[in-house]
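A quick write-up on the structure given underneath.
Every heavy atom of this structure was used, including side-chain atoms; hydrogens, water molecules and symmetry mates were not.
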Amino acid sequence: MYSRRFLIIYILAYFSGVIWLFYRLNRNRQRILVFHHIIPDHLINYSFEQQIVCSSKSHFERLIDIVNKRLEVTTQLGKANSAIITFDDGYRAALTADTILSKYGNNAYFFLPLSNIDSGPLWNDKIMGWIAYVSSGEYIIAGQSYYLNSQSSRQKAYKAIIDSIHTNDYNYSSIIEQLELICPFDNLNISEEYKNIRFRGLTQDEIMQIKRKGHKIGGHSINHDVLSLLQAEKLKHDFQQCSAQINKLYNCSLYAYPYGHKRDVSIECVKECGASGFSAAVMNEYVPYETPYTLSRMKISHYTSIYEIDAELSGFKQWLRNILRWKK
């Protein structure tokens with residue numbers, strides 16, 4: 001009901017011209033958009049992992065079409081009245097995204113964790129994929145019982161397991177070892193076609209191909225760790241290893257924090273990023289008071305209504321959020 005009321009507000013703002021006024025008021029602003037995995041339509045299965053981090057190819061094309069009609073798409077940071085398109089994690093789903101971007105003459109940023117190149121999946125995706133696609137049943141994981149028989153039960157189990165990792169010495173390796181003993185990841189009910197797109201990282205050759213097309217490759221940590229949970233020495237090492245790839249693997253000096261929410265990016269993370277060779281960094285949410293190392297990113301991938309998409313892109317939606325937050 002709450003979201004329905006907001007949608008009505010967006011529709012009224014759209015047809016009354018308020019949305020277009022906000023586009024004009026924010027004409028000096030740049031929008032940095034974040035996406036993850038673009039999946040061919042015939043591989044969409046409505047699992048909870050797809051609902052969290054995937055978009056169908058056709059939906060992505062619709063979004064890119066709208067963005068191109070509203071704003072100039074660029075890779076130049078700080079350009080007024082423009083949009084930058086970014087993708088996290090470096091899976092081969094990037095190649096599907098490129099087919100759409102090429103149709104519009106767009107270039108984008110692809111942020112790659114070093115350990116996912118010619119490899120995969122990343123630790124968090126291995127857990128997510130396991131919970132999403134293991135056979136229905138009851139499982140004991142880290143001493144807790146989980147009955148997986150629906151997408152909602154699987155999503156709740158995944159959240160509980162990730163939360164337990166964050167609060168118990170950040171030891172995800174032991175969880176993965178337990179899951180592999182119950183059912184190896186390679187034995188899960190995942191088609192090879194989907195696995196190759198969603199759970200395998202780009203190869204070195206594919207990265208070179210993307211760069212030749214004019215796309216930017218940026219840093220995204222070594223292992224996609226929650227940086228705020230790393231010890232100081234490991235955090236410094238992570239940024240050093242990544243910044244050493246600038247002008248080598250990376251053809252830009254822009255960094256994307258893994259997960260990228262305030263809870264995942266401590267002051268120490270921002271300081272280490274600033275002390276490294278990266279010139280700027282993006283978060284994964286709106287940041288009221290941006291710095292070069294805490295740039296906002298906007299997520300529109302889960303929107304289906306043109307009214308909500310335009311409310312976000314124009315800045316009207318964030319203005320409304322700020323008004324409601326101020327009233328509280």
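- Residue-environment remark: NZ (K195) exceeds the threshold of 12 foreign heavy atoms within 6.0 Å.
- In this pair, Y250 and F278 present their aromatic rings tilted. The plane angle is within the 30 to 60° band.
- For the pair Y146 and I141, the tightest heavy-atom approach, listed with the atom from each and the gap, is CE1-O, 3.7 Å.
- Residues D225 and Y172 have side chains in contact (heavy-atom distance under 4.5 Å, counting atoms from C-beta outward).
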Test salt bridge (Lys or Arg N to Asp or Glu O under 4.0 Å) applied to R321 and E312, step by step: CA-CA 11 Å; R321 286 192 196 115; E312 187 75 72; 3.3 Å; yes

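- Expressed to the nearest 0.5 Å, how far CD1 of I131 lies from CD1 of I162 amounts to 9.0 Å.
- For the pair H302/Q51, no side-chain contact is recorded, criterion being any heavy-atom separation below 4.5 Å from C-beta on.
- In this structure, CG on L295 lies 8.5 Å from OH on Y257, to the nearest 0.5 angstrom.
- In summary, of the residues considered (Y307, F22, Y23), a side chain to side chain contact (heavy atoms under 4.5 Å, CB included) with F316 occurs for F22 alone.
- A donor-acceptor pair shorter than 3.5 Å cannot be found between the side chains of S55 and R62.
- Put simply, the side chain of V226 does not reach to within 4.5 Å of the side chain of I165, judged on heavy atoms.
- More than 12 heavy atoms of other residues, nucleotides or ligands shown are found within 6.0 angstrom of CD on E138.
- Checked by atom type, the side-chain pair H224/N116 shows no donor-acceptor distance below 3.5 Å.
- Separation of the Y255 and Y293 ring centroids does not fall under the 6.0 Å cut-off.
- Contact of the L235 side chain with the L227 side chain is registered, since non-hydrogen atoms from C-beta on lie closer than 4.5 Å.
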Salt bridge (Lys or Arg N to Asp or Glu O under 4.0 Å) between D238 and K234, worked out: CA-CA 6 Å; D238 206 295; K234 287 187 176 180; over 6 Å; no

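- Remark: the N107 side chain and the T75 side chain contain no N/O donor-acceptor pair separated by less than 3.5 Å.
- Residues passing the salt bridge (Lys or Arg N to Asp or Glu O under 4.0 Å) test with D88, sequence neighbours excluded: R297.
- One finds the OG atom of S102 at 12.0 Å from the OH atom of Y104 (value rounded to the nearest 0.5 Å).
- Using modelled atom types, no side-chain atom of S276 and backbone atom of S243 make a donor-acceptor pair closer than 3.5 Å.
- Y133 and E49 share a side-chain donor-acceptor pair at under 3.5 Å.
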side-chain contact (heavy atoms from CB on, under 4.5 Å) assessment of I84 paired with L77: CA-CA 8 Å; I84 287 178; L77 271 177; 3.7 Å; yes

Report all side-chain donor-acceptor pairs from residues 10-17 shorter than 3.5 Å, counting only partners two or more places apart or in another chain.
| residue | atom | partner | partner atom | Å |
| --- | --- | --- | --- | --- |
| S16 | OG | L12 | O | 2.8 |
| S16 | OG | A13 | O | 3.3 |

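- A donor-acceptor pair under 3.5 Å is absent between the side-chain atoms of D125 and the main chain of P121, judged by distance alone.
- No side-chain donor from either of N81 and N28 sits under 3.5 Å from a side-chain acceptor of the other.
- Two residues are said to be in side-chain contact when any heavy atoms from C-beta on lie closer than 4.5 Å; V282 and T294 fail this criterion.
- Pairing each heavy atom of H36 with each of V53, the nearest pair is CB-O, 3.1 Å.
- With a 4.5 Å cut-off on side-chain heavy atoms, M298 and N284 do not count as touching.
- In this structure a side-chain-to-backbone donor-acceptor pair under 3.5 Å is present from R92 to N196.
- Looking only at distances, no side-chain donor or acceptor of N68 sits under 3.5 Å from a matching main-chain atom of D65.
- Rounding to the nearest 0.5 angstrom, the gap separating the SG atom in C242 from the CG atom in L114 is 4.5 Å.
- Few gaps surround CG on N187; more than 12 heavy atoms of other groups in view lie less than 6.0 Å from it.
- Here the closest heavy-atom approach between residue H220 and residue D89 is recorded as NE2-OD1, 3.0 Å.
- If you check the side chains of Q209 and D205, you find no donor sitting under 3.5 Å from an acceptor.
- No side-chain N or O of H37 forms a donor-acceptor pair with one of Q50 less than 3.5 Å apart.
- Residue-environment remark: NZ (K236) stays at or below the threshold of 12 foreign heavy atoms within 6.0 Å.
- Panel note: side chain S153, backbone N149; a donor-acceptor pair is recorded below 3.5 Å.
- Crowding of D163 atom CG: a count of heavy atoms from other residues, nucleotides or ligands under 6.0 Å exceeding 12.
- For S47 and N45, the side-chain atoms include at least one donor-acceptor pair closer than 3.5 Å.
- Q178 contributes a side-chain N or O that, together with a main-chain N or O of A142, makes up a donor-acceptor pair within less than 3.5 Å.
- D41 CG: more than 12 foreign heavy atoms inside a 6.0 Å radius.
- Other residues, nucleotides and ligands contribute at most 12 non-hydrogen atoms within 6.0 Å of the CD1 atom of I267.
- Applying side-chain hydrogen bond (donor to acceptor under 3.5 Å, both in side chains) to S82 and the options E72, Q30, R29 leaves one that passes, Q30.
- Residues F87 and F111 keep their aromatic ring centres 6.0 Å or farther apart.
- Closest non-hydrogen pair, C269 versus S228, comes out as SG-N, 3.6 Å.
- Atom NZ in K216 sits 9.5 Å away from atom OG in S253 (nearest 0.5 Å).
- Using a 4.0 Å cut-off between charged nitrogen and carboxylate oxygen, D118 and R200 do not count as a salt-bridge pair.
- With contacts defined as side-chain heavy-atom distances shorter than 4.5 Å, the pair I197/Y91 does not qualify.
- In this structure, I217 and N251 approach most closely via the heavy-atom pair N-OD1, 2.6 Å.
- When the side chains of ILVMFWY residues are joined at heavy-atom separations under 4.5 Å, either directly or via intervening members, I161 and L148 end up in a single hydrophobic cluster.
- Heavy atoms of other residues, nucleotides or ligands lying less than 6.0 angstrom from NZ of K159 number 12 at most.
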From CA spacing to verdict: side-chain contact (heavy atoms from CB on, under 4.5 Å), I39, T96: CA-CA 7 Å; I39 306 298; T96 306; over 6 Å; no

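- Proximity of L63 to F35: side-chain heavy atoms (C-beta onward) are separated by under 4.5 Å at one or more points.
- Atom CG in L179 sits 10.0 Å away from atom CZ in F185 (nearest 0.5 Å).
- Heavy-atom minimum distance, A311 versus I19: CA-CD1, 3.6 Å.
- Shown are E308, H59, K317; of these, the side-chain hydrogen bond (donor to acceptor under 3.5 Å, both in side chains) with Y303 is made only by K317.
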